[in-house]
Structure formats: structure tokens, C-alpha cells
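In what follows, a single structure is set out as C-alpha cells and then discussed.
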Amino acid sequence: MERVLGLLLLLLVHASPAPPEPCELDEESCSCNFSDPKPDWSSVFNCLGAADVELYGGGRSLEYLLKRVDTEADLGQFTDIIKSLSLKRLTVRAARIPSRILFGALRVLGISGLQELTLENLEVTGTAPPPLLEATGPDLNILNLHNVSWATRDAWLAELQQWLKPGLKVLSIAQAHSLNFSCEQVRVFPALSTLDLSDNPELGERGLISALCPLKFPTLQVLALRNAGMETPSGVCSALAAARVQMQGLDLSHNSLRDAAGAPSCDWPSQLNSLNLSFTGLKQVPKGLPAKLSVLDLSYNRLDRNPSPDELPQVGNLSLKGNPFLDSESHSEKYNSGVVTAGAPSSQAVALSGTLALLLGDRLFV
């Protein structure tokens, strides 16, 4: 009993912005700060009724807990208790966690109704044992990983994937220490619709090929690469072609892009219909863009003139706001000529976790 309760404690361990008490409950949310030299771990039980839990470890190591917790304990009679937890969203920040504890907690969470997990500023140490035959982790919709380092280096995604049910829809990986995945070990993500690799400035176009393991993302709809070291749209196109990935929306905003004059032609993903090139410092429309798009965002660049029709793809919604050639009251424009057509409104919307929304339709640039 004590060991199982200890494992339940670990599944809910680490907090958020520092409240005056270790844990504070506010309606359906609970936050705990365990940065005190002698934290009161038992206070985490105040969060058992919360749907949204944020836990802050204060940068401390949890290695000493390995001697106190059986990460392979038989949950048996406690299954109903774990299922009754209201927990839907869990954030764990700032700690040094042995992989046995992390994956043991995931095993417990597999019985809960957890839908979204965020791991931030963590160091995962050691190698986890193979998952037990009955050990299946949580059925997550969203997984956010921000500045998480793994002792297993390039094999970390394949190792983590073993402890997750296959229904993950949104995966966000920022400030990663390694995106050079061991693709032969990575399983297929059968339901993943959104992959966000933003805020990995060292990734670059060559690294993108390694990160996009071929044939592992068959249902991908949106790929976000904001601030990811991308240099040219044509280079990104080549990387996507090499990785053989399809998608509907591509976000390349907040990269320092340039037009690669004389670059070989490239076939963009056939389903791509939304392209975000905002905040990329472009002085002209790059050559070699997809021939037809529903949405093209060129806002907040350095265009000093209105692009001519022959510089643009056939596009339904074109955004040029924030460029020098427009006056201070400029706003999103719909370019309507013999080449570019406004088209009928589309109701399709694709959302990225947290910060990105690529909406396909007339309302996007109103």
C-alpha cells in the first residue's frame, strides 16, 4: 500500500510559479512548488481532485526516491482509485528525474484519464527497463516537451513512445537536446496530426530530414518549424520530399529565410494548402513555392512593393500586412486577378498546441 501510494505521489510531483505554500488549489487547478530545501511531498495530495495540475521541482534531483518507491508495484486493487482522479492536464517542471521514476509514473497515469502532459526543463537520467507486458502509459491527446534532456540521447523518442498509447494527436518538442532520432527504432504515430518542432534553432534543413522519420507520420496535417534554423523554402521542400511526409499546413515563420536563386525544382507535398512565411525577413517572394495554395502568409516581411501576379502562386487568401510598401493602416489583402483568386470560404481549421493556429478560410486574415 505504502509503495503504491508513493508511486501515485510521484505521478503528481512538480509545480508552477512559486506560490507561498507548497500546493495551492484553485477551483479545478492545483499548483505545487517543491523548491524548499525540505519540501513537504505529502501536500501534493491536495491536488488529487484537480483537473489541471502544475508541479515545480525547484531543479532538485529525485534520485533518492528510487529507494523508497517500487516503480513496478502491482496496482491491482488501486485501479478504480486511479481511474477516479479528475486529472486531465499535468505539467512537470524543473527537476532531475530517473527514467525509472518517470516511466513508472507514466504507467500509473495510463490508468487515469490524463489527456495532456507537459514536461519542461527536465533532465531524465538512466535507462528505463523494458515496459511490462501490461504496462501501457496514458492515452494522451497532447504531449509537450520543452528543454528536456535524455540520457539515452538519440533513442529517447523510441523509448518514450513505448510507454504511450498510440492515439497521440499533437506532439510539440522545443529546445530539444537531440532531434537526430534513431528512426529504425521509432514506431509509427498512427494518429498524430500536428508536429511542432519550433524553437529548435540548431535543427536546420539537414536536421529536419533526421527528425522527420520517413513513413512514421502517416496522418500528419500540420508541421510547425518556427525559429528552427530553416534557411530557404526550397531547402525545406527538399527535406520534406526526402522524408516523404504529407501535410496540409506548414509554418516557417520566424526563420531568417532567403530566396535560393537557381535551386533545383522541388515537388512540395501534394496536399499542402497553407504556408506561413511571416516574420522571415523576405525582401521578395521566393521562387519555387507551391503552385496553388488556399492560404499564403507573407506578412511582416521586407517587401518594398506589391508582388506581381507572376511572382505568386494561385492563392485564395494572401496576407501582406506589415510590409514596408503598405501604409500604417494596411491590413490583410485578398489578391484577385487572372492568376490569383479569392475562391469560396473554407471552414477547415487546423490547430497547433499552444501558440499556432493555421486556419484555412476567409476569416483568417480579416
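Remember, predicted model here, so these are calculated numbers, not experimental data.
In terms of the side chain to side chain donor-acceptor pair (under 3.5 Å) criterion, residue partners of Asp40 (sequence neighbours excluded) are, by chain and number, Ser42. Partners of Pro290 according to the side chain to side chain contact (heavy atoms under 4.5 Å, CB included) rule, which considers only residues two or more places apart in sequence or in another chain, are Trp268, Leu272, Leu275, Leu293. Scanning for ring pair (Phe, Tyr, Trp, His ring centres under 6.0 Å) contacts around Trp156 gives Trp150, Phe181, with sequence neighbours left out. Remark: Thr125 engages Glu63 in a side chain to side chain donor-acceptor pair (under 3.5 Å) (not counting sequence neighbours). The side chain to side chain donor-acceptor pair (under 3.5 Å) check on Glu123 picks up Arg96, with sequence neighbours excluded. Checked against salt bridge (charged side-chain N to carboxylate O under 4.0 Å, His left out), Glu120 has the following partners two or more places apart in sequence or in another chain: Arg93. Residues forming a side chain to side chain donor-acceptor pair (under 3.5 Å) with Ser210 (at least two apart in sequence, or on another chain): Asn180.
Judged by distance alone, with hydrogens and angles left aside, the side-chain atoms of Asp297 form no donor-acceptor pair with the main-chain N or O of Leu277 at under 3.5 Å. A donor-acceptor pair is defined here as one N or O able to donate and one able to accept, closer than 3.5 Å; no such pair exists between the side chain of Ser86 and the backbone of Ala50. The backbone N or O of Gly235 lies less than 3.5 Å from a partner atom in the side chain of Thr232, making a donor-acceptor pair. The main-chain N or O of Asn227 is never found under 3.5 Å from a side-chain atom of Asp199 such that the two would form a donor-acceptor pair. A donor-acceptor pair is defined here as one N or O able to donate and one able to accept, closer than 3.5 Å; no such pair exists between the side chain of Asn46 and the backbone of Cys23. Between the side chain of Asn323 and the backbone N or O of Phe325, no donor-acceptor pair lies under 3.5 Å. Judged by distance alone, the side chain of Gln161 and the main-chain N or O of Arg187 form a donor-acceptor pair under 3.5 Å. For Gln221 (side chain) and Gly249 (main-chain N/O), no donor-acceptor pair under 3.5 Å exists by modelled atom type. Checked by atom type and distance alone, the side chain of Lys216 never pairs as donor or acceptor with a backbone atom of Phe189 at under 3.5 Å.
Side-chain atoms of Asp52 and Ser29 include no donor-acceptor pair closer than 3.5 Å. Defined by atom type and a distance below 3.5 Å, a donor-acceptor pair is present between the side-chain atoms of Asn301 and Thr280. Side-chain atoms of Asp154 and Ser178 include a donor-acceptor pair closer than 3.5 Å.
Heavy atoms of other residues, nucleotides or ligands lying less than 6.0 angstrom from CD of Glu184 number more than 12. Atom CD of Glu202 sits in a sparse spot, with 12 or fewer heavy atoms from other residues, nucleotides or ligands closer than 6.0 Å. Heavy-atom neighbours of Glu311 CD from other residues, nucleotides or ligands within 6.0 Å: above the threshold of 12.
Contacts classified as ring-ring contact (aromatic ring centres under 6.0 Å, His included) and involving residues 273-307 (residues at least two apart or in different chains) are given here: His254-Phe279, Phe279-Tyr300. Listed by first and then second residue, the ring-ring contact (aromatic ring centres under 6.0 Å, His included) pairs that reach into residues 105-127 come to none, sequence neighbours excluded. Sorted by first then second residue, the disulfide (SG to SG under 2.5 Å) pairs that include residues 141-236, not counting sequence neighbours, are Cys183-Cys213. Note on residues 166-175: no pairs pass salt bridge (Lys or Arg N to Asp or Glu O under 4.0 Å), not counting sequence neighbours. Pairs passing the salt bridge (Lys or Arg N to Asp or Glu O under 4.0 Å) check and including a residue from residues 271-296, sequence neighbours excluded, read Asp259-Lys287.
Leu164 places a side-chain heavy atom less than 4.5 Å from the side chain of Pro138. With a 4.5 Å cut-off on side-chain heavy atoms, Leu171 and Ile142 do not count as touching. Within the 4.5 Å cutoff, no side-chain heavy atoms of Val315 are placed close to those of Val295. A 4.5 Å side-chain heavy-atom check between Arg226 and Asp196 finds at least one atom pair inside the cut-off.
Smallest separation of non-hydrogen atoms from Leu326 and Lys321: CD1-CA, 3.9 Å.
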List the steps and the verdict of side chain to side chain donor-acceptor pair (under 3.5 Å) for Glu116 and Asn144. CA-CA 8 Å; Glu116 180 175 350; Asn144 303 309; 3.3 Å; yes
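The SG atoms of Cys47 and Cys30 are placed within less than 2.5 angstrom of each other.
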